[in-house]
Amino acid sequence: MNWSLKLFKVKGIDIKVHMTFVLILIWAAYRWSVSTGEGAQGALFGIVATLLLFFSVTLHELGHSLQALKYGVKVRDITLMPMGGLARLEEIPEEPNKELRIALAGPLVNFGIAALLIGVGALLNARALITLEELQASFGSVSWSGLLAYLTSANLILGLFNLIPAFPMDGGRVLRALLAKKMNHAKATKIAAQVGQGFALLMGLWGFMSGSWTLVLIAIFVWMGAGQENQGAQVKHTLGGTTVGQAMTRSPQALQVNDPLSKAVELTLSTSQADFPVLEWGGSNRVAGLLCEIDLLRGLQSLGANAAVREVMRTRIRFATPDEPLHTAQQKMLVNRARALPVLNPEGELIGLLTADDINEAYRLMAITPKLAVVAR
């Protein structure tokens, strides 16, 4: 994720913090400093409390991620942002029991933390459980002794809130997993998304009537998240068993590493292709990189038309194989923010190019005639 700083790594998972995370720390410092009238001490308390809360958020996301790793699901990273944490899994298993366990792992971590803090409170003879009214009142004072109760309550609320049956919260995935035991994955997702959007609508109305614009923003976030989850599931269902080999462009136009950018311009203008595999120099059919349209435009602007393709091409790219499910290749594109994937044979040689336009065309055809065999061009 762009604008993120890597902090450390756990089990091969990069833990990152988004640059905007500093905004929540500034808000916390200001909130406790002004509302309590404690100045610098209040600001320090606000920052410490927020950092400890987000430590719990990190453990929550690690709960999901470590459970996913058990099922062989690759986890790219965990990123902390002002609105919470995001674990980027390359895929969510469609097997109901696997998705159920991955979804429940996060909230269970928060409940486990709360139980641990309650135990610590009992050992120290300190109060770890307080009412919501007492929690709200604590926001107006600086109490280091009350930090234990604040973190206990925060973890309980975080766990319960995430169990609301609405995407993109964990509860939405729990609901889908339970429904998927009785119906296909696409239908289960559609129903779970509709339930989630219903919750979002009620949440938004409540926020509007009570004047809580934060609640309204959360409702919008939930509504959009549910819609995106449903759209992705329906696309996957429609594409079905379609493979990359059926949808890819065969014998695409390709460049070599030492070709000038002007050649890419000529090919773009004379063909319908905008992204080009870049081959090793000397007539080899092995891919050295990928030149996307945005890379070409940036290269022309900064280096000029005579610059070599190798100076602006992407070298850290993903590939596809002809037998690979089309939806899997689409997920690779989304994760890597690319509009094209070179397609290689078992010997590692270029045999085709899969673009976003190819996938869109296959989807339109399959949506109209599901049993149609998509013929590669």
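The residues of the chain are indexed from 1 along the displayed sequence.
Residues P322 and V343 share a closest heavy-atom pair of N-CG1, 3.8 Å. Residues A340 and L290 approach most closely at O-CD2, 3.5 Å, considering heavy atoms. Here the closest non-hydrogen pair linking A87 and S65 is CB-OG, 3.6 Å. Taking every heavy atom of both residues into account, P107 and G159 meet most closely at CB-O, 3.8 Å. Nearest heavy-atom pair, A307 versus L303, reported as atom, atom and distance to 0.1 Å: CB-CB, 3.6 Å. Of all heavy-atom pairs between G207 and V216, the closest is C-CG2, 3.7 Å.
Note on residues 203-215: no pairs pass side chain to side chain donor-acceptor pair (under 3.5 Å), not counting sequence neighbours. Sorted by first then second residue, the side chain to side chain donor-acceptor pair (under 3.5 Å) pairs that include residues 51-60, not counting sequence neighbours, are S56-N155, H60-H64, H60-N110, H60-D170. Among residues at least two apart or in separate chains, there is no ring pair (Phe, Tyr, Trp, His ring centres under 6.0 Å) pair with a member in residues 282-307. Contacts classified as ring pair (Phe, Tyr, Trp, His ring centres under 6.0 Å) and involving residues 248-306 (residues at least two apart or in different chains) are not found. Identified under the side chain to side chain donor-acceptor pair (under 3.5 Å) test for residues 255-270, with sequence neighbours left out: N258-R310. Among pairs with a residue in residues 227-237, those fulfilling salt bridge (charged side-chain N to carboxylate O under 4.0 Å, His left out) read E94-K236, R173-E229, R176-E229, at least two apart in sequence or across chains.
Between the CZ atom in F167 and the CG atom in L175 there is a gap of 7.5 Å [rounded to 0.5 Å]. The NZ atom of K16 sits 11.0 Å away from atom CE of M19, with the distance rounded to the nearest 0.5 Å. Atom OG1 in T249 sits 12.0 Å away from atom CD1 in I351 (nearest 0.5 Å). Here OG1 of T50 is found 10.5 Å from CZ of R31. Values are rounded to the nearest 0.5 Å. Rounded to the nearest 0.5 angstrom, L365 CG and T242 OG1 are separated by 9.5 Å. Separation of atoms CG (L326) and OH (Y363) is listed at 12.5 Å; rounding is to 0.5 Å.
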Yes or no on salt bridge (charged side-chain N to carboxylate O under 4.0 Å, His left out) for E90 and K332, after CA distance, side-chain angles and deciding distance? CA-CA 8 Å; E90 289 211 341; K332 287 182 181 179; over 6 Å; no
Please lay out, stage by stage, how R339 and I294 fare under the test side-chain contact (heavy atoms from CB on, under 4.5 Å). CA-CA 10 Å; R339 284 183 47 83; I294 186 65; over 6 Å; no
Criterion side-chain contact (heavy atoms from CB on, under 4.5 Å) on L86 and D77, from CA distance to verdict: CA-CA 8 Å; L86 174 65; D77 53 47; over 6 Å; no
Please determine whether side-chain contact (heavy atoms from CB on, under 4.5 Å) holds for the pair L147 and L52, giving the CA-CA distance in whole Å, both sets of side-chain angles, and the decisive distance to 0.1 Å. CA-CA 10 Å; L147 196 56; L52 289 174; 3.7 Å; yes
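Residues I26 and L51 are members of separate hydrophobic clusters, defined by side-chain heavy-atom contacts under 4.5 angstrom among Ile, Leu, Val, Met, Phe, Trp and Tyr. No path of Ile, Leu, Val, Met, Phe, Trp and Tyr side chains, each step under 4.5 Å between heavy atoms, connects L202 with I220, placing them in separate hydrophobic clusters. Hydrophobic clustering of Ile, Leu, Val, Met, Phe, Trp and Tyr side chains at less than 4.5 Å, counting indirect connections, keeps W32 apart from Y30.
Taking K6 as the reference, D14 meet the salt bridge (Lys or Arg N to Asp or Glu O under 4.0 Å) condition, with sequence neighbours excluded. Shown here are the ring pair (Phe, Tyr, Trp, His ring centres under 6.0 Å) partners of F21, two or more places apart in sequence or in another chain: F54. Legend: residues meeting side-chain contact (heavy atoms from CB on, under 4.5 Å) with K11, ordered by chain and number and at least two apart, are L66, L69. Looking at residues two or more places apart in sequence or on another chain, you find no salt bridge (Lys or Arg N to Asp or Glu O under 4.0 Å) involving R298. Residues passing the salt bridge (Lys or Arg N to Asp or Glu O under 4.0 Å) test with R286: none are found, sequence neighbours excluded. In this structure E95 satisfies the salt bridge (Lys or Arg N to Asp or Glu O under 4.0 Å) test together with K98, sequence neighbours excluded.
Judged by distance alone, the side chain of E311 and the main-chain N or O of A308 form a donor-acceptor pair under 3.5 Å. Panel note: side chain Q197, backbone W223; a donor-acceptor pair is recorded below 3.5 Å. The closest donor-acceptor contact from the side chain of T243 to the backbone of D323 lies at 3.5 Å or more, if one exists at all. A donor-acceptor pair is defined here as one N or O able to donate and one able to accept, closer than 3.5 Å; no such pair exists between the side chain of E99 and the backbone of P96. Between the side chain of S153 and the main chain of A149, a donor-acceptor pair closer than 3.5 Å is present. In this structure a side-chain-to-backbone donor-acceptor pair under 3.5 Å is present from N162 to L158.
Annotation: side chain of L100 is in contact with side chain of V174 (closest heavy-atom distance under 4.5 Å). Residues R314 and C292 form a side-chain contact, since some pair of their non-hydrogen atoms from C-beta on lies under 4.5 Å apart. Side-chain atoms of M313 and D295, non-hydrogen and from C-beta on, never get closer than 4.5 Å to each other. Using a 4.5 Å heavy-atom cutoff, the side chains of I24 and M81 are not in contact. Within the 4.5 Å cutoff, side-chain heavy atoms of I191 are placed close to those of L179. Using a 4.5 Å cut-off on side-chain heavy atoms (C-beta onward), F111 and L156 make contact. Within the 4.5 Å cutoff, the side chain of I218 has heavy atoms near those of the F161 side chain. A 4.5 Å side-chain heavy-atom check between L279 and V257 finds every atom pair outside the cut-off.
In F319, the CZ atom is crowded: over 12 heavy atoms of neighbouring residues, nucleotides or ligands sit closer than 6.0 Å. Enclosure of atom CD in E347 by more than 12 non-hydrogen atoms of other residues, nucleotides or ligands within 6.0 angstrom is indicated. The neighbour count for M224 CE, taken as heavy atoms of other residues, nucleotides or ligands under 6.0 Å away, does not exceed 12.
Under 4.0 Å is where a charged nitrogen must lie from a carboxylate oxygen, and between K74 and E91 no such pair does.
In summary, of the residues considered (R250, M248, Q273), a side chain to side chain contact (heavy atoms under 4.5 Å, CB included) with L353 occurs for Q273 alone.
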